[in-house]
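Each remark here refers to the structure printed beneath this line.
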Amino acid sequence: MTRRLLASFSLILIVGCATQEPAVLRYGVQDAPEGKRLLWPAEPEVPRYMYAGQLLGEANFRTPGARAAEGLMGVLRAIAGVIVGEATPIELARPQSGAVDAAGRIYVTDASRQAVFVFDPVVGKLDIWEKAEGLANFSAPVALAVGKDLAAGKGLVYVTDAELGIVARLDAAGTAQRALGRGVLKRPTGLALDAERGELYVSDTGAHDIKVLDLAGTLKRVLGRRGEGEGEFNYPTHLAFAEGELYVTDTMNSRIQVLDGASGAMRRTFGARGLYVGNLVRPKGVALDSERNVYVVESYYDHLLVFDRHGRFLMGIGGLGAESGKFYLPAGVWTDHLNRVFVADMFNGRVVLFQHLGGGADGEQ
C-alpha cells in the first residue's frame, strides 16, 4: 500500500513539474506568527515603518502549485511516515551583510556557509556563490557592493573577505575574477562604492583605517589611523556612501563618523555610549535611504536605530528575540531603490525586511 502511494505521489510530482510556472520570490509577510501588520511606531502614532517579511533561503521561492504539493506531502507523511528522497532546503546560517542591484537581485554574505546567497526574483531561484578567486573558496565574506567594471563595461559584485584579505570580484553569473587588495589589506570588512569616481572604500579593521582603491585595485589613499580623535578609528567595520559622503561605523569608539569621500576631511560624528535605546555600544551596519534617513545596527542591544541626516536619533526597531521584527546579534543593514530596509539578523539565520512608508521618520516631509 505504501509503495503504491509513493509511486502515485511521484507521478503527480513529475506531471506537476512539467507544467509548473516559474517560482516566485515571496517574503512571507502573511506567515508572520503575530498575525497582524507590524508597524513602527505603533498606532495611534503615525507609522513610518512596516514589517515586510524575511529571507531564509530556498523556502522563499514558491511555485503556484506549491501549496497543493505540500498538502499531498503532508498526507503521505501521515500515512507512510517518510518521503523518499526528500532533501534539506538550503538556508541562511549566519548572514553578515548584503546589497541589491538594479535588477532587484538581493545578495547576502553568509559567514558560516562561506558563500554569497543570491535571491533572484527575475528568474525565480536561489544561487549560491562559493568561489572568491580562481579555485579558492570564500573564507569569511562580510560586505558587498554592486557596480560596473568601467573598463569592461559589465556589472560586477564586489565582496570583502576578512580572512583572505581581499576584495573579490564576481560577474553577473557568479564567476570569480581577479581579486583586488591582496597584500594591501589586512582584514577588510566594510565596503562602499563611489561609482562616479570609480573608487572602492574598504574598512581595514585590522589596520584601523579606510583604504581607497580604484577599480583596478591600485591603492589611491588611506584615510585615518588608530585613535579616538576626529578622523581616527578603533576597529572600523561597516561603510556607506551617499552624495559624496562616507559613513564609517567606528565600532570600538561607539560612533558613526561622516567624512568627505574625496578628501577624507571630517564632516560630522554622532552616537555615544550609553544604556538606552539610541545609544551606541557595538554599532555594526550602516546605510541610508533616498530621504537620507541613516540606519545603524546596534548589535549589543539588538536594535535597528534610525537617525536623521544630521545624526539626531529618531527611533529604534527591534530588541532581543526571534519574533518578527526582533533580532539576535544583527550585523549588516542595506537599502534598495524602493526604500526597503534589509537587516542581517545574524544569529536568527535570516534577513529581516522593513518598508519605509515615506516622510521623515520623525514626521518631517
Side-chain angles (χ1 to χ4, degrees), residues 97 99 142-148 150 156 158-162 165-167 169 179-273 280 282-289 292-297 307-312 332-335:
S97 193
V142 181
L144 274 159
V146 293
K148 279 191 174 183
L150 299 181
L156 287 177
Y158 300 89
V159 186
T160 55
D161 193 296
I166 61 172
V167 177
R169 301 188 306 157
L180 309 178
R182 190 179 298 280
V184 174
L185 302 169
K186 187 174 181 180
R187 188 173 178 80
T189 53
L191 185 64
L193 171 66
D194 180 351
E196 290 187 7
R197 295 173 63 92
E199 293 182 333
L200 286 166
Y201 296 90
V202 185
S203 59
D204 197 343
T205 303
H208 307 281
D209 59 29
I210 309 300
K211 293 186 169 69
V212 186
L213 311 176
D214 66 20
L215 299 187
T218 302
L219 178 64
K220 304 296 289 186
R221 56 193 182 279
V222 178
L223 308 180
R225 60 183 180 181
R226 189 168 196 180
E228 298 180 356
E230 290 188 353
E232 296 179 336
F233 308 108
N234 192 11
Y235 293 97
T237 53
H238 294 257
L239 302 175
F241 185 84
E243 297 183 8
E245 293 185 328
L246 180 68
Y247 291 71
V248 182
T249 302
D250 191 6
T251 297
M252 298 305 289
N253 281 330
S254 302
R255 64 187 179 184
I256 302 296
Q257 295 201 63
V258 186
L259 312 178
D260 180 274
S263 68
M266 168 64 66
R267 291 282 183 85
R268 58 193 175 278
T269 183
F270 61 92
R273 293 184 178 92
L280 301 181
R282 291 292 181 270
K284 293 290 184 66
V286 60
L288 292 89
D289 64 21
R292 294 298 296 272
N293 294 305
V294 184
Y295 304 95
V296 179
V297 168
F307 298 84
D308 70 11
R309 67 183 65 203
H310 306 293
R312 296 175 298 196
V333 59
W334 63 101
T335 60

Side chain Asp289, main chain Asn293, donor-acceptor under 3.5 Å: yes
Donor-acceptor pair between Thr251 and Thr237 side chains, under 3.5 angstrom: yes
Test item: Tyr295 and Leu288 side chains (from C-beta on) under 4.5 Å apart, heavy atoms: no
Test side-chain contact (heavy atoms from CB on, under 4.5 Å) applied to Phe241 and Tyr247, step by step: CA-CA 6 Å; Phe241 185 84; Tyr247 291 71; over 6 Å; no
side-chain hydrogen bond (donor to acceptor under 3.5 Å, both in side chains) against Asp260, all qualifying residues, sequence neighbours excluded: Ser263, Arg267
Side-chain donor/acceptor of Gln257 to backbone N/O of Gly231, under 3.5 Å: yes
Check ion pair Asp250-Arg255 (N to O, under 4.0 angstrom): yes
Minimum heavy-atom distance Ile210-Pro236, with the two atoms named: CD1-CB, 4.2 Å
Evaluation steps, side-chain contact (heavy atoms from CB on, under 4.5 Å), between Leu223 and Asp209: CA-CA 6 Å; Leu223 308 180; Asp209 59 29; over 6 Å; no
From CA spacing to verdict: side-chain contact (heavy atoms from CB on, under 4.5 Å), Val212, Leu200: CA-CA 6 Å; Val212 186; Leu200 286 166; over 6 Å; no
Chi angles and distances behind the side-chain hydrogen bond (donor to acceptor under 3.5 Å, both in side chains) call for Arg226, Asn234: CA-CA 6 Å; Arg226 189 168 196 180; Asn234 192 11; 3.3 Å; yes
Any side-chain heavy-atom pair of Leu259 and Met266 under 4.5 Å: yes
side-chain hydrogen bond (donor to acceptor under 3.5 Å, both in side chains) partners for Asp204, two or more places apart: Lys211
Over all atoms of both residues, closest heavy-atom pair of Val296 and Pro283: CG1-CB, 4.0 Å
Sidechain-backbone polar pair: Ser203 side chain, Gly190 backbone, donor-acceptor under 3.5 Å: yes
Minimum heavy-atom distance Ala207-Lys186, with the two atoms named: N-CD, 4.0 Å
Nearest heavy atoms of Thr160 and Pro188, plus distance in Å: CB-O, 4.0 Å
Those residues that, when tested against Thr218, pass side-chain hydrogen bond (donor to acceptor under 3.5 Å, both in side chains) (two or more places apart): none
Derivation of the side-chain contact (heavy atoms from CB on, under 4.5 Å) call for Tyr158 and Leu215: CA-CA 10 Å; Tyr158 300 89; Leu215 299 187; 3.8 Å; yes
Minimum heavy-atom distance between Thr269 and Ile256, given as atom pair plus value: OG1-O, 3.0 Å
Arg273 vs Ser254, side-chain hydrogen bond (donor to acceptor under 3.5 Å, both in side chains): CA-CA, chis, key distance, verdict: CA-CA 6 Å; Arg273 293 184 178 92; Ser254 302; 3.3 Å; yes
Carboxylate-amine/guanidinium proximity below 4.0 Å for Glu245 and Arg292: yes
Rounded distance (nearest 0.5 Å) linking atom CG of Leu185 with atom CD1 of Ile166: 9.5 Å
Between CG on residue Leu280 and CG on residue Asn253, distance to nearest 0.5 Å: 11.5 Å
Test salt bridge (charged side-chain N to carboxylate O under 4.0 Å, His left out) applied to Arg221 and Glu199, step by step: CA-CA 10 Å; Arg221 56 193 182 279; Glu199 293 182 333; 2.9 Å; yes
Heavy-atom pair with the smallest gap, counting every atom of Val202 and Leu191: CG2-CD1, 3.8 Å
Pairwise distance NE2(His238) to OG1(Thr189) - rounded to 0.5 angstrom: 6.5 Å
Ring geometry between His208 and Tyr235 (parallel below 30°, tilted from 30 to 60°, perpendicular above 60°): perpendicular
Main-chain N/O of Arg312 paired with Asp308 side-chain donor or acceptor, under 3.5 Å: yes
